Amino acid sequence: MMARIPLTALGLVFVLRTKELTGSFAAAGVAAGLYGLATAACAPALGRMADRRGQPAVLVPGAALVAAALVAFAALPAGAPFAAIVVCSVVAGAATPPIGPCLRAMWPEMLGDHSLAHAAFALESAGLEITYIAGPVVIAGAIGSQSTAAASLTSAVLLVGGTLVFAAAGPVRAFRPPPRPEGGRGPLRSPGVRTLAVVYVLVGLAFGAVEVGVPASADAAGHAHAAGLLLGVWGLGSLLGGLAAAHASPPADRVRRLCVLLALLAAGHALLAVPAGLLGLAALLLVAGAAIAPAFGVANALVDGVAPAGAVTEAFTWLSTGIAAGLALGSAVGGALADGTPGGAFALAGLACAGAAAYAILGRGSLRTSTAAGTATRGVVPET
């Protein structure tokens, strides 16, 4: 979590620091966008390297490169060439260590027991919500309001420190996925991984629309400053849902549970389009968020069963790339719709989640493997 907190704030840090250096929001948007694109584009390659060489060999150098880019970014003087900012943002994005995919790739091998792995995926999804709340509020908000350079340096310190602690852990150093066969398939050759990737793109599209619709709603109500609090309530709903899922018994059928959770996600986010005032919107966001962490927990638990041998970490990075692409698309389309009415962005979110649920239902056969069904773990023959 220490390593992941700055990763949730860096997009905003690039916006704030670039605006301070150049005086241009347009330049700030380009810098943040390039950081996000570089992260999404390079994550699968880093995941592939982690599968082949071990996780520390990728995580530690990656964190060091990101830290160097952030230190250079913090040292830039006012009026610095925009090209220098671009180099810092692209290097930071391209080298971002895939902490989340590496962690998720370890759970099935390390825990073995299905109920423990279920709890771990659910708890990890819930914990991720804490980083999404803490990163923007503490680093970009509290520290960045005093000094954007300090926010960049704080991100570098937390990322390096957290990554070193994680990479030094015994299970991380010892973890090796099954070797990829000579000429083995990449993860996108797996129908199950492709199904999950499309689901992640659609859910990401919904999230991007909400992240635009909420500020638009707050601004329309004359309380623009409430946007951050409303998004925090959305994250709180996800956190509570994830904690509940971690304490619940594992599903007998993971694929069916995923389809149900995606349907609930669609219903909850469609309700956001109902005009209800800011207090009503806060209540609806809490309800809509409750299915997020449980859905991701179940989806992530399916990856080990559908990814080709030796490509589990890379498969998780492709899902990260999918949700990043969806977020970018949802922000763009949702922003255009929100110019007319915030309800348009929320309607898009509901439709995108409904599309994810429908696609998962149609592709459920590709997700069903001996492990995906939820009754077996590696090395155990399921009962017939």
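All values below were derived from every heavy atom in this structure, side-chain atoms included, with hydrogens, water molecules and symmetry-related copies excluded. Numbers here are sequence positions counted from 1. None of the values given here were measured: they were computed from a predicted structure.
Residues Phe346 and Val214 have side chains in contact (heavy-atom distance under 4.5 Å, counting atoms from C-beta outward). A 4.5 Å side-chain heavy-atom check between Leu205 and Leu348 finds at least one atom pair inside the cut-off. A heavy-atom distance below 4.5 Å is found between the side chains of Ser320 and Pro101. Between Phe73 and Phe14, the closest side-chain pair of non-hydrogen atoms falls below 4.5 Å. Side-chain contact check for Glu211 versus Leu327: some heavy-atom pair is nearer than 4.5 Å. Taking 4.5 Å as the limit, some side-chain heavy atom of Asp253 sits within range of a side-chain heavy atom of Arg368. Here the side chains of Leu278 and His223 are in contact, with some heavy-atom distance below 4.5 Å. Proximity of His269 to Trp234: side-chain heavy atoms (C-beta onward) are separated by under 4.5 Å at one or more points.
Closest heavy-atom contact between Ala43 and Thr321: CB-OG1, 4.1 Å. Between Leu46 and Val58, the shortest heavy-atom distance links the atoms O-CG1, 3.8 Å.
Looking only at distances, a side-chain donor or acceptor of Arg194 sits under 3.5 Å from a matching main-chain atom of Arg189. Without hydrogens or angle criteria, Ser238 side chain to Ala293 main chain gives a donor-acceptor distance under 3.5 Å. With Arg104 contributing its side chain and Asn300 its backbone, the two residues share no donor-acceptor pair below 3.5 Å.
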The test is side-chain contact (heavy atoms from CB on, under 4.5 Å); show your working for Leu319 and Ile323 and say whether it passes. CA-CA 6 Å; Leu319 300 186; Ile323 200 167; over 6 Å; no
